[in-house]
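As structure tokens, the structure follows; a few thoughts come after it.
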Amino acid sequence: MSDLIWQKSSFSEAAAANCVELAAVADGIRLRESDEPDTVLRTSPAALGIFIRAVKDGRLDRTL
């Protein structure tokens, strides 16, 4: 996984921790949190798109 090219949002500061980073690979997308780089999740572009749309639409908001 060390040979992947990780990208994070342009809104993230260069030295900031707790940033979600993405890497595109032949079979999908990898995600990790910058302060936990050894923990990597796998997903597809379609599944990530569905998740992002749900977040933007507020469908995952919960009141505690």
Side-chain angles (χ1 to χ4, degrees):
M1 294 269 175
S2 62
D3 58 332
L4 296 178
I5 299 171
W6 294 96
Q7 298 179 352
K8 62 182 174 179
S9 170
S10 60
F11 292 103
S12 296
E13 296 178 18
N18 300 328
C19 297
V20 174
E21 300 175 321
L22 301 168
V25 294
D27 66 341
I29 296 175
R30 302 295 180 264
L31 296 103
R32 71 180 184 182
E33 190 171 336
S34 60
D35 64 343
E36 292 286 337
D38 294 330
T39 302
V40 178
L41 301 175
R42 310 167 85 172
T43 191
S44 68
L48 183 59
I50 291 167
F51 174 73
I52 290 171
R53 282 189 296 280
V55 169
K56 285 182 175 183
D57 292 345
R59 290 182 276 153
L60 302 177
D61 292 350
R62 298 277 191 264
T63 303
L64 298 177

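The residues of the chain are indexed from 1 along the displayed sequence. We use all heavy atoms of the structure for the numbers below, so side chains are in, but hydrogens, waters and symmetry mates are not.
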- Do other residues, nucleotides or ligands put more than 12 heavy atoms under 6.0 Å from Q7 CD?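 No, CD of Q7 has 12 or fewer neighbouring heavy atoms, counting only those of other groups under 6.0 Å.
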- Item | Heavy atoms of other groups near L60 CG, more than 12 under 6.0 Å |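 It does: L60 CG has more than 12 such atoms within range.
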- Could you tell me whether the side chain of L31 reaches within less than 4.5 Å of the side chain of V40, counting heavy atoms only?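 Sidechains of L31 and V40: no contact.
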- Message: If you compare all heavy atoms of T43 against all heavy atoms of A47, which two are closest, and at what distance to 0.1 Å?
- Response: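 Where T43 meets A47 most closely, the heavy atoms are OG1-CB, 3.4 Å.
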Check residues 21-29 and write down every donor-acceptor pair under 3.5 Å in which the side-chain atom is one partner and the other belongs to a residue at least two apart or another chain.
| residue | atom | partner | partner atom | Å |
| --- | --- | --- | --- | --- |
| E21 | OE1 | R32 | NE | 2.7 |
| E21 | OE1 | R32 | NH2 | 3.1 |
| D27 | OD1 | R30 | NH2 | 2.8 |
| D27 | OD2 | R30 | NH2 | 3.3 |
| D27 | OD2 | R42 | NH2 | 3.2 |

Just distance, no hydrogens or angles: give the donor-acceptor pairs under 3.5 Å from side chains in residues 49-59, sequence neighbours left out.
| residue | atom | partner | partner atom | Å |
| --- | --- | --- | --- | --- |
| R53 | NH1 | G49 | O | 3.4 |
| D57 | OD2 | R59 | NH2 | 3.3 |

